[in-house]
Amino acid sequence: MSYYVDITKFILQGSMITFKLYAVTIIFSIPLGILCAAAKLSKFKLVRFILELYTWIFRGTPLLLQLFFTYFALPIIGIKFSQFQAAAITFVFNYGAYFTEIFRGGISSIDRGQYEAAKVLGMNYRQTMTRIILPQATKRILLPVSNEAINLIKDTALVAAIGIGDILRASKEVLTRDFVISPFIIAALIYLLITSFVVLLFKKLEKKYSIYD
């Protein structure tokens with residue numbers, strides 16, 4: 001029994017990297033997505049073109065390739081990051097691209113009549129967005145955002161490819177050392193526990209925003 005407790009503790013040490021990368025990605029990619037979505041809906045063609053290029057590249061290429069590019073290719077031209085910095089930058093820009101399209105779609109789905117009604121009530125643009133548009137858009141984008149939040153947990157395992165000691169890498173080290181399958185089972189249970197928490201969190205948010213149905 002003590003063996004399983006010890007390897008669980010060791011694998012959980014790897015989860016600190018997973019949680020840290022998850023937090024950094026969520027904190028920076030969601031605001032990035034909101035800003036880019038608003039900019040993509042602006043009248044400036046050059047801005048829209050640049051953001052179309054950004055989302056096209058990051059949504060159209062594998063996250064692992066982007067991670068390798070940031071960590072292994074950029075140092076060739078003199079831009080060098082630590083392992084975690086490379087992972088954080090790549091994940092923020094990758095998920096920022098997906099959140100950009102999710103938020104843009106959510107805002108665009110609100111009927112134009114809502115804007116006109118807000119204008120009749122004397123609201124300015126900020127009041128219209130914060131009181132009328134964004135609450136309704138938030139309800140509509142909760143499901144795709146929750147899917148991305150769950151995908152992010154699983155994608156953090158990719159950082160093992162550049163040598164970061166996350167949950168997957170820690171479990172693989174134990175498996176290689178002891179030649180038992182239990183480390184992978186424990187890692188799977190940890191991932192399931194984390195994703196279950198995220199699912200529960202978003203169900204509560206869906207219930208909160210159900211008033212906009």
I'd like to know if Leu152 and Leu201 are part of one continuous hydrophobic network [Ile/Leu/Val/Met/Phe/Trp/Tyr, side-chain heavy atoms within less than 4.5 Å]. no

With a 3.5 Å distance limit and no angle check, can you tell me whether Tyr54 reaches the backbone of Phe93 through a side-chain donor-acceptor pair? yes

Checking Gln83 against Ile17 for the side-chain contact (heavy atoms from CB on, under 4.5 Å) test, could you report, in this order, the C-alpha distance in whole Å, the side-chain angles of both residues, the deciding distance, and whether it holds? CA-CA 11 Å; Gln83 291 169 313; Ile17 290 293; over 6 Å; no

For the residue pair Asn151 and Tyr98, confirm or rule out a side-chain donor-acceptor distance under 3.5 Å. no

Under 3.5 Å side-chain donor-acceptor pair for Thr100 and Thr55: no

N-O pairing of Arg169 and Glu173 below 4.0 Å: yes

Are the charged groups of Glu116 and Lys119 less than 4.0 angstrom apart, N to O? no

Distance (rounded to the nearest 0.5 Å) between [X] [atom1] and [Y] [atom2]:
| X | Y | atom1 | atom2 | result |
| --- | --- | --- | --- | --- |
| Ile7 | Lys9 | CD1 | NZ | 12.5 Å |
| Arg104 | Glu101 | CZ | CD | 4.5 Å |
| Ile141 | Asn147 | CD1 | CG | 12.0 Å |
| Leu67 | Ile162 | CG | CD1 | 4.0 Å |
| Leu51 | Trp56 | CG | CH2 | 15.0 Å |
| Ile167 | Ile186 | CD1 | CD1 | 11.5 Å |

From CA spacing to verdict: side-chain contact (heavy atoms from CB on, under 4.5 Å), Phe44, Ile50: CA-CA 10 Å; Phe44 301 104; Ile50 293 171; over 6 Å; no

With sequence neighbours left out, what residues match Phe197 under ring-ring contact (aromatic ring centres under 6.0 Å, His included)? none

Are Ile27 and Ile30 close enough, and set up right, to give a side-chain contact (heavy atoms from CB on, under 4.5 Å), and what steps lead you there? CA-CA 6 Å; Ile27 289 171; Ile30 288 182; over 6 Å; no

With Phe91, which of Val24, Thr70, Val159, Ile26 fulfils side chain to side chain contact (heavy atoms under 4.5 Å, CB included)? Val159

When Ile150 is tested against each of Ile194, Asp155, Thr195 for side chain to side chain contact (heavy atoms under 4.5 Å, CB included), which residue passes? Thr195

side-chain contact (heavy atoms from CB on, under 4.5 Å) for Phe99 and Ile34? Distances and angles first, verdict last. CA-CA 7 Å; Phe99 284 133; Ile34 294 173; over 6 Å; no

Side-chain heavy atoms under 4.5 Å apart, restricted to Ile/Leu/Val/Met/Phe/Trp/Tyr: what other residues fall into the cluster of Ile185, or is it alone? Ile181, Leu189

Residues pairing under side-chain hydrogen bond (donor to acceptor under 3.5 Å, both in side chains) where one sits in residues 10-26, two or more places apart or in two chains, turn out to be none

More than 12 non-hydrogen atoms from neighbouring residues, nucleotides or ligands closer than 6.0 Å to CZ on Phe28, yes or no? no

